[in-house]
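I have placed the structure first, in the form of C-alpha cells, so that the comments after it can refer back to it.
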Amino acid sequence: MTNYFGTGIVEGLKGQHPRKVTDFSAFNDDYKRGYVLGYCHQLREQCGEKELAAWQAGLLTRQYHLDKNTMMEFFTEFGSDEYLHYFRQGYQECLNAAHSLVRSARLRG
C-alpha cells in the first residue's frame, strides 16, 4: 500500500516554490495534503514566519481544491487561533482573487 500523504510531505519539504495546480492532475488529495504541509513546514523553517506558512497553506489549499476543514484540522493541533486566522486569510484571499478574475472575464466578454 502506497503512502501518498507521506510521499507528498517529502516532496513538499524539497520544494523551493509551490507547484502549479496543473502539476497535480495525476495525484490524489492525500498526496496534495501532504505536499502542502511539507512545503509550508519548510517555508516556516526557511523564513521563520509561522504566520506566512499558515497563510500559504490556506492559499494552496484553495488553489489545489482541497477540503478546507480537513486542512484546518492540522492547524487546530497547534492550539493557536492565530494560525487558523492566517490560514483562513490565505484561503479567502485566493477565493476572492478567483471571483475577481471571473468578474473581469465577464465584463470583457
Side-chain angles (χ1 to χ4, degrees):
M1 180 174 217
T2 304
N3 181 356
Y4 295 107
F5 182 78
T7 303
I9 287 177
V10 170
E11 290 298 315
L13 288 169
K14 295 178 190 175
Q16 296 300 311
H17 303 284
R19 292 175 64 181
K20 295 177 186 173
V21 174
T22 54
D23 292 346
F24 288 110
S25 60
F27 296 101
N28 63 25
D29 285 352
D30 284 341
Y31 176 88
K32 290 188 264 185
R33 277 189 289 273
Y35 179 84
V36 168
L37 294 172
Y39 175 77
C40 291
H41 176 77
Q42 72 83 21
L43 179 64
R44 184 190 70 159
E45 293 294 312
Q46 185 178 37
C47 69
E49 294 188 35
K50 297 173 188 174
E51 296 83 5
L52 175 63
W55 177 85
Q56 185 71 50
L59 190 75
L60 294 176
T61 294
R62 177 66 186 149
Q63 286 179 344
Y64 299 159
H65 307 287
L66 295 170
D67 182 64
K68 178 179 155 184
N69 294 326
T70 301
M71 292 301 288
M72 284 174 54
E73 287 179 20
F74 291 104
F75 290 92
T76 57
E77 291 181 15
F78 292 117
S80 173
D81 290 336
E82 184 179 15
Y83 297 128
L84 284 174
H85 168 76
Y86 285 104
F87 176 89
R88 287 184 187 115
Q89 234 180 3
Y91 188 89
Q92 191 61 41
E93 187 172 316
C94 186
L95 187 60
N96 291 343
H99 288 309
S100 294
L101 288 174
V102 169
R103 276 187 248 128
S104 295
R106 287 181 186 156
L107 293 174
R108 285 183 275 159

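Residue numbers run from 1 in the order of the sequence given. All figures in this text were calculated on a predicted structure; none of them were measured in a lab.
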| All side-chain contact (heavy atoms from CB on, under 4.5 Å) counterparts of L66, not counting sequence neighbours | D29, K32, R33, V36, T61, Y64, M71
| Run the side chain to side chain contact (heavy atoms under 4.5 Å, CB included) check on K50 and Y86 step by step: do they pass? | CA-CA 9 Å; K50 297 173 188 174; Y86 285 104; over 6 Å; no
| said: What's the separation between atom CZ in F87 and atom OH in Y91, rounded to the nearest 0.5 Å? | reply: 7.5 Å
Compile the donor-acceptor pairs under 3.5 Å between side chains in residues 6-21 and protein atoms, sequence neighbours left out, one pair per line.
residue: T7; atom: OG1; partner: N3; partner atom: O; Å: 2.9
residue: R19; atom: NH1; partner: Y31; partner atom: OH; Å: 3.0

| request: Taking the side chain as every heavy atom from C-beta outward, state whether R62 and K68 have any atom pair closer than 4.5 Å. | output: no
| note | Output for pair (Q46 CD, H41 NE2), nearest 0.5 Å, gives 11.5 Å
| note | Nearest heavy-atom approach of L43 to A53 is CD2-CA, 4.1 Å
| field | Spacing of C40 atom SG and L60 atom CG [to the nearest 0.5 Å] | value | 5.5 Å
| field | Value rounded to 0.5 Å, distance of CZ in F24 from NE2 in H65 | value | 11.5 Å
| query | Stepwise, does the side chain to side chain contact (heavy atoms under 4.5 Å, CB included) test hold for W55 with E49? | reply | CA-CA 10 Å; W55 177 85; E49 294 188 35; over 6 Å; no
| request: Apply the test side chain to side chain contact (heavy atoms under 4.5 Å, CB included) to residues R88 and M72: give CA-CA distance (whole Å), side-chain angles for both, the deciding distance (0.1 Å), then the verdict. | output: CA-CA 9 Å; R88 287 184 187 115; M72 284 174 54; 3.2 Å; yes
| Out of curiosity, D81 CG to H85 NE2, how far, rounded to the nearest 0.5 Å? | 10.5 Å
